[in-house]
Amino acid sequence: MRAHLARVDAVLVQAVIAAALSFAHLHDVALAAGQDGWKAWAYPVSVDLLLVAAWRRLRSGEAKAAGWCWFLIALAASLGANVATAGLLDLDHVPAWLRILVAGWPAVAFLGGTLLVHSSPTTRDETGDVVGQETPEGIEDQEDAPDPAAALPVPAAVESVPAPAPPPVAVPAALVEHARKVAAEHHARTGTAIDTPTLRARLGVPPPMADAIAAQLT
């Protein structure tokens with residue numbers, strides 16, 4: 001247990017020393033680029049916060065491309081300041097391109113931090129369902145609401161009512177007698193009984209009356 005605490009303490013001490021040195025180098029570069037006073041101290045804070053935000057995104061396991069992108073940008077800013085203050089750059093005569101980079105860094109840091117913090121990845125629970133995603137209003141209520149069509153009673157089948165029989169057609173006796181003569185003549189000529197359509201055509205009567213006459217001839 002004590003050995004583990006010792007290793008942890010050594011790592012923390014090393015991290016504090018590295019952060020302090022990087023913090024001081026960033027402050028010196030910002031100061032040399034014309035950012036004096038509290039502004040020179042704010043630059044290292046923005047770089048370190050962007051590093052932390054990018055590292056947290058990488059630890060989340062989601063959207064690693066964005067995390068690596070902003071992590072490398074913040075690391076380049078920190079590493080560039082460390083190298084610049086190692087004697088490779090004359091801090092008394094800072095080039096114009098470095099002044100431009102230092103002046104534009106706050107906007108870059110703000111953009112990166114906003115994208116990393118406020119576009120948190122979607123998390124899923126053990127079953128694979130999305131957690132924290134709001135359900136559109138009204139969908140759940142619509143799924144649970146009963147179907148109004150199912151509650152309506154099913155109408156009973158309408159029984160087929162037979163059509164009323166047509167009233168009997170009154171046939172004059174003289175017409176029936178004439179029809180017998182026409183039928184006898186047809187039978188004598190063709191050797192077959194006369195059918196209803198032929199009888200109707202010979203007598204010139206409507207179909208119902210022809211049916212009534214044919215029924216009396218049989």
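For this chain, numbers begin at 1 and follow the sequence in order.
Of the inter-residue distances, the one linking Ile194 atom CD1 with Arg200 atom CZ reads 11.5 Å to the nearest 0.5 angstrom. Considering CG of Leu51 and CD1 of Ile73, their distance stands at 11.0 Å, rounded to 0.5 Å.
The side-chain heavy atoms of Gln35 and Val102, taken from C-beta on, include a pair separated by under 4.5 Å. Residues His186 and Thr192 meet the side-chain proximity criterion, which asks for heavy atoms closer than 4.5 Å. Considering only heavy atoms from C-beta on, Val29 comes within 4.5 Å of Leu98 through its side chain. Side-chain contact between Val47 and Trp105 is present, with heavy atoms from C-beta onward closer than 4.5 Å.
Across every non-hydrogen atom of Trp70 and Ala54, the tightest pair is C-CB, 4.0 Å. Taking every heavy atom of both residues into account, Gly67 and Leu116 meet most closely at CA-CD2, 4.2 Å. Residues Ala40 and Pro44 come closest through the heavy atom pair O-CD, 3.1 Å. Of all the heavy atoms in Ala81 and Leu26, the pair that sits closest is CB-CD2, 3.3 Å.
Using modelled atom types, no side-chain atom of Ser78 and backbone atom of Leu75 make a donor-acceptor pair closer than 3.5 Å.
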If you apply the rule side chain to side chain contact (heavy atoms under 4.5 Å, CB included), what do you find for Trp55 with Val52, and how did you get there? CA-CA 5 Å; Trp55 177 247; Val52 173; 5.7 Å; no
Any chance you could lay out the side chain to side chain contact (heavy atoms under 4.5 Å, CB included) test for Leu50 and Phe110, step after step, and finish with the verdict? CA-CA 9 Å; Leu50 185 60; Phe110 175 77; over 6 Å; no
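No more than 12 heavy-atom neighbours from other residues, nucleotides or ligands sit within 6.0 angstrom of CZ on Arg59. With a 6.0 Å radius and a threshold of 12 heavy atoms from other residues, nucleotides or ligands, Arg56 has its CZ atom at or below the threshold.
Checked against ring-ring contact (aromatic ring centres under 6.0 Å, His included), His27 has the following partners two or more places apart in sequence or in another chain: Trp41.
Taking a cutoff of 4.0 Å between a charged side-chain nitrogen and a carboxylate oxygen, Glu185 and Arg180 do not qualify as a salt bridge.
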